[in-house]
Each structure stands twice: as structure tokens, then as C-alpha cells.
Amino acid sequence: MKIPVALRETPYEVTLGEGVRHEVSAFVNEHLARARAVVIITSAEIRRQPWFDLSFDLETHVIEVADGEAAKTLSSVAQVCEQLARWGVSRHDVIVGVGGGAITDLAGFVAAVYLRGVTVLHVPTSVVGQVDAAIGGKTAVDLAAGKNLVGAFHQPAGVWCDTTTLATLSDRERTAGMGEVAKCWLLEGRRAELLALTSMDDLIEMSVSLKARIVAADEFERTGQRALLNYGHTLGHAIESVALARDANELRHGEAVAIGLAFAARLAQRLGRVRDDVVVETDAVLAFFGLPSRLTGDFDAARLLEAMSRDKKAHHDLTFVLAGRQGFEVVTGIDPVLVGEVLENFQEA
Ligand code: GLY
């Protein structure tokens, strides 16, 4: 199945299905005639997987970077770019990101800045990568001050979401990835009770279609539509940055988003924007996927408030995507005292 990302200047397709990774080489031959070399950016762990069997008719190099968020540093960018330069990779050559969201974020950012921009293709191999990170051209690395604080828009020329790769994920990775799927389900206004009737392939297709539609409507996040994809991410990113600073394995992105979704529902309810049923429905969606809907562990509320005020969507204030009677919207300037109160109750619950 192919889902178009209908951008005016750089349209491309997301191809979904079993075995679609084998279509990437034909795409390079057909659409990137001037390319002489392909550079796959991946990790040692991904390279060991049985499905890591991409091959190209061109000179092919592989660069291994760290797994997970540890890949997303400016020093990784420097090391990868130095290696590309040593190999003489030119602006007609192509980078292929093969891995989870962190690896495609790094590969995309390298492709955005190396020689001021080279073609990038993505083969996302995690749920978060397939339904969110690899689509839409947001590329970034992290700073100590927070996630994704250095980045660029650089659209891939194609994305291949091969469902074969999801079979080798650990249970924790697969479940955590459903945090982004839960976000899409809620943004689409679907009922929790319908989840039992929906296959994994249909959930991925629903999420990719939503993302493709929103990115096509607001590629550079100027009209506010794309910012809706940040639902659950204000608190999610804050707890992730606090957790990452002490233990890279403490929390997965999708788990943090799940907690952020539960919190955003409670904040919307506290602000009188929605009734209790939105909280109940959100918790039911998260429970279906086996995701957390409470903040447990050692998180200092003041530190989280500070991290949330540094969120990229914020303008020196607290900004959340919240449900309301007219649907979801970006709400700015929310009183930090009120957010702190909701947070205290959320942590104690
Ligand atoms: N991950 C949110 C976006 O791509 O806009």
C-alpha cells in the first residue's frame, strides 16, 4: 500500500507492507539516476536483525551509530559527516536511514546539512519510526537542555515501512511505540471500544495517513495544524529529558507520550474544556495498548514545569495541545500554578 505525502514542492510516498524494504533499491535506480553511492545509516543492533538484507546496485557503505536516543548528538553528526567526506560522498548520492526514530532523525539531519543537503530515504524499523518520526521531514538531534533542539526540515524522497521489521521488536519496544498510535487514535476522535476490532496493519495505516494529511496541510508548522501532532508531547518530552539525563533505559518515547496524553486529558478537564469522559476514554485507549497513564517514579514537579516551558512549541510560557469542544487546538499561556496542581495530583494518583 502507498500513502502519498502530497507536498507541493517535494511530494513522496510512504510504502507500507511486508517486505517493502526490497523496493528501495529499484526506487534509487529509477528516481536517483545520478547517484553513484548509497550510505546506510543504522546501528549494530539493527544490522544484526535477520531482515537487514538491503542491497543496492551502487557502491554501498554502512555507518553504524549508537542505538536509541544516544545516536542523536551533535558529535554523532560530526563523525558521520566526516566519514561521508572521507568516502567522497557527493550531493547526488543518497543516504538511507534504517532504524528506529532516533536513527532516522539523525540520518535526516545529516542529510539536511551534509553538503547543504543530500537525498535521504528512510526504512523505519520501529513503530514510532513508522507512524511518526520518519515521515514529514522533521530532523533533529538533542542538546543537554532538551530533545530535538537542533534540527532542520528536510523531507525524505521516500519512506518504506516494512512490517517485517516490527516482528523482531521486544515487547516493551512494540508496546511503547503504540504511544504514538494512541495519540493518532485520539486525535482522530475514535472510540476505545473499536480498538479490539482493528488490526496492527490498520492502526499503522491510520497513523501514517493522519500524519501524511497533516504534514501535507502544514509542512513547516505555520498554521498550527502540524503542531497538533505534538499532542501528549509537552509533558512527554519534559519527562523524557529528565529521565534520559539519568538513565537512557528508564523511559521510551512512546511511554512518555502515553503519560503526556493522560496528563493533557486531565489538564483539559481541569480547564473546563472537556468533561470527565475524555479522561476516561483516554485512559481506556492507553490501557488497551498496555501503556501507562500515570506518572510514577522520581520526577520533581518544578523541574518538569521548567522543562515544559522550554518546549519548542512554547514561547516562554506553557503551551499544550488540548482537547476542547471544537476539537484539538494548541493552547498557549496556561497558568503554571494550575499545571503544577494537576501535575501533583497526577503524580500522586
Ligand atoms: N512528530 C511531530 C511532527 O512531525 O510534526
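Hydrogens, waters and symmetry mates are skipped; everything else that's a heavy atom, side chains included, is used. Counting starts at 1 for both ligands and their atoms, following the listed order.
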Query raised in the report: T15 and side chain to side chain contact (heavy atoms under 4.5 Å, CB included): which partner among V20, V24, V123?
Result: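 It is V20, the one option of V20, V24, V123 that forms the side chain to side chain contact (heavy atoms under 4.5 Å, CB included) with T15.
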
Requested in this report: Could you tell me if any non-hydrogen atom of H233 lies under 4.0 Å from any atom of ligand 1?
Outcome: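 Outside the 4.0 Å threshold, so no.
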
Query raised in the report: Starting from atom 5 (O) of ligand 1, which protein heavy atom do you reach first, and at what distance in Å?
Result: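 Answer, as residue, atom name and distance: R226 NE, 2.7 Å.
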
Requested in this report: Among all protein heavy atoms, pick the one closest to atom 3 (C) of ligand 1 and tell me residue, atom and distance.
Outcome: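 Ranking protein heavy atoms by distance from atom 3 (C) of ligand 1, first comes K211 NZ, 3.4 Å.
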
May I ask you to say whether [X] pairs ionically with [Y], meaning some side-chain N is under 4.0 Å from a carboxylate O?
| X | Y | answer |
| --- | --- | --- |
| R8 | E219 | no |
| E180 | K183 | yes |
| E329 | R273 | yes |
| R36 | E59 | no |

**Report entry** For K138, the ligand 1 atoms whose distance to one of its heavy atoms is below 4.0 Å
**Finding:**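 Per the distance check, 3 (C), 4 (O), 5 (O).
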
Requested in this report: Check each atom of ligand 1 against the heavy atoms of D132 and keep those under 4.0 Å away; list them by number with element.
Outcome: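 Every atom of ligand 1 under 4.0 Å from some heavy atom of D132: 1 (N), 2 (C).
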
